[in-house]
Amino acid sequence: MPEAVSASLAARVRADTILGIRRQRSAADERMERAETWLRIAVPGMLAGFLLCLLAVITLHLRLQHAEAVRTAHVEIEGLARLTAAAFGESNLVGDAARTSAQDRLHALMPAGAQGGRQVFVAGRDDRIVAAYPAPIRLPSTLTAVLGPDQAIGALAESAGAMIMRLADGAEVIAAVHSLPNNSGQVAVIRPVAHVTAAWWERLCTLAVLFGATTLVVAGIGTAYTLQSRRARASDRVCEEVRRRLDTALGRGRCGLWDWDIPRGEIFWSDSMYAMLGYPAEKGLLSFGDVNDLVHPDDGDLYSLARQLAATDSTIDHEFRMRGASGDWIWLRTRAEIVHDEADGSRHLVGIAVDVTEQRRLAESNATADMRLRDAVEAISEAFVLWDDANRLVLCNSKFRDLHALSAEDAQPGRRYADIMGRGVLPPVRREVPDIGRVSPQDHAFSARTLEVELTDGRWLQVSERRTKDGGYVSVGTDITGLKRQQEKLVVSERELLATVKDLKRSRRALEIQTHQLAELAEQHLDQKAKAEIANQAKSEFLANMSHELRTPLNAIMGFADLMENEVYGRLGDARYVGYCQDIQESGTYLLSVIDDILHMARIEAKRVSLDRREIAAVNAVRDAVKLVELAAQSKGVALRVEMQPNLRLLADERALIQILGNVLQNAVKFTPSGGRVLVRGRSCGTFIHLFVEDSGIGIPKSALDKIGKPFEQVENNLTRSHRGSGLGLAIARSTAELHGGSLRIRSDIGVGTIVMVRLPAPTPERLAALTRPGAEATLDSLRLASGATQRPDGRAAAAG
């Protein structure tokens, strides 16, 4: 068996724990941990690569945007120059009037020409500027003075297209020159490059800021990852070192660390715990059942401990035995307390287990030796007392206490001589005959003494006192009265023997007479029992026959009354006959129900009722029973209410259960006045289900509660009764509940109401197994056994538990 247990422990799947503290990890975390070495190098590289790629993308994007802005400006300026040249056509640009007209036409042609820093110049054949837009404060003299003498764009005109150039003032611009028709002049359109690229520079600054922020964030993430990785490695090394040192310390001290995860049923053992029991050490968690199988059955189990811990958050200080790998039982003392895990809210039992096998064996050896010594001292016939070197009591027997009239509380070990003897009474001494002289026991100079003492009651004691090696002393008082008065004792003994023989003879004759009387009483008891059984059987047969004989004419009476009420064969004449027929039928129905109750009660008392017990839902049975009394309750104005715990299951015969609840509910509705209420409740209580029927009726006197539930017993007598009934309803309910292995209890107050509790067994694996066992029959005995009922002296079943 130890080898099998060891193999089971070794085959347990390893869990990722540090001294029992679970590290929550998924499969992805485990894969990430295996790749952690490569990730420490790869993650910073990936972050740097990401930044480089981002920088390349931004650079390429900006270059493309710059080229697009310049190209768009070329096209725009070229088009504007072409449109302006076409608009002026062959206009005469000579003279002040022509110049004024050209300036007005240019302003009318381009109202928005100043947007974006654009400038338009119109020059005549003589290269003199006749119009400009926007109109400057001082108009340049010639177009060459604007464009610069070294620029070839004026000569090339539209064949040069739009191009980037530097003006005479050094400004870098995009310019386009077009000739007017018939070479009557030229149109030049200029736009500074700074205006063209202004939006591009804004985007460049924005992207630069974003890239810098991204670089800072990524650098921070990389730095944090590197620091966290280093800290994690350092923490793992520290945890491993702490665990190793703790295991070393626990191993040297023959201790083991426990961490019991109570909700999950998993237990962590330190390596020292495995070494202490001799099992191969594991890094994982053990299941609750594996550890419980190792506990000695006489020392309890972990299941009861778990239930105790579920109720209270108490600490544990418990000693028990566990089987080691060699098959020997090892005594462990476990000290632990409940610790709440803040991560998931679970509860852990954390503590240590110490190997106390040697201490236990030593304590058992000392306890056995001490018990033997005390038994030996108590068994001797002499008065014995032992004092230590400080005159404190070590041990004494009952003879010593009786001699000095001391109680067990007075002669407590550890008390001083003066304190104990001050509480006691010295025996009345007639004379003393010392052998070595009279020396006080408190004088440490004496080593031994012996004296004989004659007490006033005629006894002789020989008192022997001796010093012990540790400075204490022991005193033994021996009764030597027999040695002193041997002859007198022999005479007295002879007289006592003769008197004893006479007493024995008288006792023997009295015993013979009593034996004869007991035999006669036993025969009479058997005769009376047989007569009672015959009378009971005759009563049951009489009730059955009487009920059968009454049912036949009753059926005829009720049938004829029904025919007369419905006037099948003609009218009766007076309308009162119909009422009489209804009264006959109601009375017959009531009498028939009384007969049925009598028959059912007779079958129960004759033990002829068999139950078909099975697992049923309590709420269904209660609902069916309530339907039986709904009409009567509505007619009286009584409120019916049901409050049931969900998922209550019963082990009962469904028809019998409905009959029990129906009888109880009928009584509740019957004795509840109009405007009252009847409440049905149900709750679980251990291995039983309690069904309560509460009413606000007239109540039952305390003196009548003992009679309720007995056949034909009613609270009201024949002179004062106001409700009709046979008195069998509660008796049938009580007897049927007891047949199920349950019970029926009643509590009531006059004018307040009544509470009836029906206690029935709940389906447990043991009870279901007893009902489904092969070859088992649903007899009363097997049903009582399945429900856990015991047999009462009156022959009926009482509920177990």
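This chain uses plain numbering: 1 for the first residue, then up along the sequence. Computed from a predicted structure; not experimentally measured.
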Would you say the side chain of [Y] lies within less than 4.5 Å of the side chain of [X], judging by non-hydrogen atoms?
X: V196; Y: R191; answer: yes
X: M276; Y: L332; answer: yes
X: H61; Y: I58; answer: no
X: R333; Y: Q359; answer: no
X: L51; Y: L47; answer: no
X: M644; Y: L691; answer: yes
X: R649; Y: I689; answer: no
X: L277; Y: M273; answer: yes

For [X] and [Y], work out which heavy atoms get closest and say how close.
X: A81; Y: H178; answer: CB-CD2, 3.6 Å
X: L640; Y: V626; answer: CD1-CG1, 4.0 Å
X: R683; Y: L648; answer: N-CD1, 3.7 Å
X: W331; Y: D355; answer: O-OD1, 3.3 Å
X: F121; Y: A132; answer: CD2-CB, 3.8 Å
X: I190; Y: A175; answer: CG1-CB, 4.2 Å

For the pair R623 and V642, evaluate side-chain contact (heavy atoms from CB on, under 4.5 Å) and give the outcome as yes or no after the intermediate values.
CA-CA 8 Å; R623 185 176 60 251; V642 177; over 6 Å; no
Look up atom [atom1] in [X] and atom [atom2] in [Y], then write down how far apart they are to the nearest 0.5 Å.
X: H74; Y: I164; atom1: NE2; atom2: CD1; result: 4.5 Å
X: L294; Y: M322; atom1: CG; atom2: CE; result: 4.5 Å
X: W329; Y: R323; atom1: CH2; atom2: CZ; result: 4.0 Å
X: R203; Y: T197; atom1: CZ; atom2: OG1; result: 10.0 Å
X: L54; Y: F211; atom1: CG; atom2: CZ; result: 5.5 Å
X: I221; Y: L216; atom1: CD1; atom2: CG; result: 11.0 Å

I'd like to know if the side chain of [X] reaches the main chain of [Y], judged simply by a donor and an acceptor atom lying under 3.5 Å from each other, with no hydrogens or angles considered.
X: T334; Y: A353; value: no
X: S229; Y: Y225; value: no
X: Q65; Y: W200; value: no
X: E172; Y: V193; value: no

R245: partners by salt bridge (charged side-chain N to carboxylate O under 4.0 Å, His left out), with sequence neighbours left out: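 Listed in chain order: E241.
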R230-T226 side chain donor-acceptor pair, cut-off 3.5 Å:
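Distance-only check fails for R230 and T226.
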Test: E240 and R237 ion pair at under 4.0 Å
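Salt bridge flag = no for R237 with E240.
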